[in-house]
Visitor: 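Structure below; questions to follow.
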Amino acid sequence: MNFLRFAFPLALLVVVQLTTLTWAATNVTKTSGKDYDEQGKHLGEQPLRSMEIECDLDSFSLGNSKPTFPEQPGVTLPLCQGEYYATLYDNNLGIARYSLYKITAAQATAAKVGRPRGDPWKSNQTPDIRQGSKALYQNQPIQGTYDKGHLVPVNILSYSHKSARDTFIYTNCVPQIAGFNRGQWNKYERKIKIYARKTCSQNGGTLYLITGTSKVKFVWTLYGQEMTGWKEPLQWFHKNAYVNDRIAIPNSMWTVGCCLNFNNEVVGAFGVMGDNSINKKRLNKFMMSRQTVAYVESALKLEDSTIKLFPSGGDCYDPEKNVKLNDI
């Protein structure tokens, strides 16, 4: 078991030495729809390709350089999920490792469309892919424990009817504890949208976002002033389901964002990561308010030391660029 202990000091300093990670506490240094395709074009969207397995993840990434993550031929699949985001998908686990998306200034400031009515969830049509389903979520062992948790949020892609609807694909959701999904996670999704609209969009800024899943779990130690994190195998959503229908439950979820202005200069960046477990509200409330891009990346390195979230975005890690989402 890879193991780490970390605390949170006045200026956030992330130190990774082998499998030990220390964070310290208290403060972080501030560092309509009738023609969907046309509507997207009016908002500055550059449609890339329809949903398909052959997908260039670089084209959705900051600096045209996708995150560095472990990939396994025939298991990790690059999926273009409609025109608006792309996913590195783990077909053994039946959930995404991460999804890439961005929001331009025009999209961030566009009038918000309503959430699709009814049950808009649909299956990804890629052949032989393991993914969630209506039946899996309806027949969960304890009803109401898990939501269909979006990776790419409908709230952030609500600048057109088609972009909003395209977030309702089973390869874009994971079993997420209902209290976490509707609580701290939803809180930070809303704060990210506000940041995109009110701050990043200035001077034609574009916000590049990555949302993903992790095997890392977190617990309190020493009366809440330190936390311990470690890598742990994922559990199956349905232990008794047929093997090809089972999907994994993430131990934690995370999002990082980096805003580039019109001149492709980094003007702000942030990271947020929370534990996807029952009764972790207090821990998540404390932990998620004190994070950065470097924080999230260092936690993910417990899974694999080669992980790099923004390979071509060095300034996204600059403490002076850190955005304190909790203050928005």
Side-chain angles (χ1 to χ4, degrees), residues 40 44-104 107 123-132 149-153 156-157 162-163 166-174 192 196 206-215 247-248 250 253-260 264 266 269-271 273 293 296-297 300-301 303-317:
E45 180 64 31
Q46 297 297 321
L48 291 164
R49 51 185 60 82
S50 60
M51 190 186 306
E52 56 186 18
I53 194 168
E54 295 299 329
C55 179
D56 178 13
L57 296 178
D58 288 339
S59 61
F60 288 86
S61 306
L62 185 149
N64 291 314
S65 182
K66 69 179 182 180
T68 303
F69 262 73
E71 297 187 27
Q72 183 179 349
V75 174
T76 49
L77 311 173
L79 302 176
C80 284
Q81 308 244 59
E83 301 170 355
Y84 306 100
Y85 62 100
T87 298
L88 181 67
Y89 200 77
D90 189 317
N91 205 36
N92 279 351
L93 297 175
I95 60 174
R97 290 298 280 118
Y98 64 76
S99 286
L100 302 159
Y101 53 117
K102 65 181 179 180
I103 183 164
T104 65
Q107 292 162 354
S123 297
N124 185 301
Q125 297 304 304
T126 302
D128 301 320
I129 196 166
R130 182 186 294 182
Q131 59 189 305
H150 281 77
L151 268 74
V152 177
I156 292 178
L157 262 66
K162 188 173 189 300
S163 59
D166 278 358
T167 65
F168 289 88
I169 302 173
Y170 279 111
T171 46
N172 185 47
C173 78
V174 297
I192 290 168
T206 296
L207 181 60
Y208 290 85
L209 292 154
I210 315 170
T211 298
T213 60
S214 176
K215 298 178 182 179
I247 60 174
M253 297 178 64
W254 53 272
T255 293
V256 292
C258 193
C259 175
L260 270 60
N264 287 324
V266 173
F270 54 81
M273 187 173 190
V293 173
V296 173
E297 184 174 292
L300 294 175
K301 284 180 180 292
E303 297 187 43
D304 191 287
S305 62
T306 65
I307 289 176
K308 186 74 173 174
L309 297 175
F310 292 116
S312 64
D315 285 348
C316 301
Y317 299 85

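Just so you know, these numbers come straight off a predicted model, no measurement behind them. All values below were derived from every heavy atom in this structure, side-chain atoms included, with hydrogens, water molecules and symmetry-related copies excluded.
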Visitor: Could you list the residues that satisfy ring pair (Phe, Tyr, Trp, His ring centres under 6.0 Å) with Y98, not counting sequence neighbours?
Guide: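 So Y98 forms a ring pair (Phe, Tyr, Trp, His ring centres under 6.0 Å) with F69.
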Visitor: Which residue in the set T171, T126, T167 passes side chain to side chain donor-acceptor pair (under 3.5 Å) when paired with Q81?
Guide: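 Option passing the side chain to side chain donor-acceptor pair (under 3.5 Å) with Q81: T171.
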Visitor: Minimum heavy-atom separation for L309 to V293, with atom names?
Guide: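 Nearest heavy atoms, L309 then V293: CD1-O, 4.3 Å.
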Visitor: Can you see which heavy atom on C316 is nearest to which on A269, and at what distance?
Guide: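 Smallest interatomic distance, heavy atoms only, reads O-CB, 3.3 Å.
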Visitor: Does K301 use its side chain to pair, donor to acceptor, with the backbone of I307 at less than 3.5 Å?
Guide: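 Judged by distance alone, yes, a pair lies under 3.5 Å.
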Visitor: Checking side chain to side chain contact (heavy atoms under 4.5 Å, CB included) against V256, which of F270, F310, Y317 comes through?
Guide: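 Single pass found, and it is F310.
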Visitor: Please report the closest heavy-atom contact between S99 and N172, naming both atoms and the distance.
Guide: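 Minimum heavy-atom separation between S99 and N172: OG-OD1, 4.1 Å.
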Visitor: Side chains of L207 and C259: closer than 4.5 Å at any heavy-atom pair?
Guide: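 They are in contact (side-chain heavy atoms under 4.5 Å apart), so the answer is yes.
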Visitor: Can you tell me how far the OG1 atom of T87 sits from the CG atom of L77, to the nearest 0.5 Å?
Guide: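 T87 atom OG1 to L77 atom CG measures 10.5 Å (nearest 0.5 Å).
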Visitor: Donor-acceptor check, side chain of T206 to backbone of L260, threshold 3.5 angstrom: yes or no?
Guide: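 No; judged by distance alone, with no hydrogens or angles, the pair does not exist.
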Visitor: Listing request: all salt bridge (charged side-chain N to carboxylate O under 4.0 Å, His left out) pairs with a residue in residues 91-100, at least two apart in sequence or in separate chains.
Guide: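 Qualifying pairs, neighbours excluded: R97-E303.
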Visitor: Distance from D304 atom CG to K215 atom NZ, nearest 0.5 Å?
Guide: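 D304 atom CG to K215 atom NZ measures 10.0 Å (nearest 0.5 Å).
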Visitor: Please answer whether the main-chain N or O of L62 pairs with a side-chain N or O of S312 as donor and acceptor at a distance below 3.5 Å.
Guide: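 Yes: the side chain of S312 pairs with the backbone of L62.
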Visitor: Would you say that V152 contacts T211 through its side chain, given a criterion of any heavy-atom pair below 4.5 Å between the two side chains?
Guide: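 Contact flag for V152/T211 side chains = no.
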Visitor: Can you name the salt bridge (Lys or Arg N to Asp or Glu O under 4.0 Å) partners of D166, sequence neighbours left out?
Guide: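 In terms of salt bridge (Lys or Arg N to Asp or Glu O under 4.0 Å), with neighbours along the sequence ignored, D166 is linked to K122, K162.
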Visitor: Are the side chains of P67 and I210 in touch, meaning some heavy atoms are under 4.5 Å apart?
Guide: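 Answer yes - side chains close enough.
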Visitor: Determine whether Y101 and P153 make a side-chain contact, defined as any pair of heavy atoms from C-beta on separated by less than 4.5 Å.
Guide: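 In contact.
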Visitor: How would you list, by chain and number, every residue that makes a side-chain contact (heavy atoms from CB on, under 4.5 Å) with N92, sequence neighbours excluded?
Guide: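 If we apply the side-chain contact (heavy atoms from CB on, under 4.5 Å) test to N92, skipping adjacent residues, the hits are V75, D90.
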Visitor: Should Q131 and I247 count as side-chain neighbours, where that means a heavy-atom distance under 4.5 Å?
Guide: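 Not in contact.
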Visitor: Are any non-hydrogen side-chain atoms of N124 and Y89 less than 4.5 angstrom apart?
Guide: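 No, their side chains stay 4.5 Å or more apart.
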Visitor: Any chance you could measure L151, atom CG, to L209, atom CG, to the nearest 0.5 Å?
Guide: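 Interatomic distance, L151 CG to L209 CG, rounded to 0.5 Å: 12.0 Å.
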Visitor: So which pairs with a foot in residues 60-79 pass salt bridge (charged side-chain N to carboxylate O under 4.0 Å, His left out), sequence neighbours left out?
Guide: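 Residue pairs passing salt bridge (charged side-chain N to carboxylate O under 4.0 Å, His left out), neighbours aside: K66-E71.
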Visitor: List for me each residue that meets disulfide bond (SG atoms under 2.5 Å apart) alongside C173, sequence neighbours excluded, and say none if there are none.
Guide: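 With neighbours one apart ignored, the set is empty.
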Visitor: Indicate the atoms forming the closest heavy-atom contact of P78 with L57, along with that distance.
Guide: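 The answer is CB-CG, 3.9 Å.
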Visitor: When rounded to the nearest 0.5 angstrom, what distance separates OG1 in T104 from OH in Y208?
Guide: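 Separation between the atoms: 9.5 Å.
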Visitor: Do the side chains of I129 and L79 get nearer than 4.5 Å, heavy atoms only?
Guide: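 Yes, side chains in contact.
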Visitor: So which atom in L100 and which in F60 form the shortest heavy-atom distance, rounded to 0.1 Å?
Guide: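 Closest approach of L100 to F60: CB-CB, 3.9 Å.
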Visitor: Atom CG in N64, atom OG in S59: separation rounded to 0.5 Å?
Guide: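 One gets 7.5 Å once the value is rounded to the nearest 0.5 Å.
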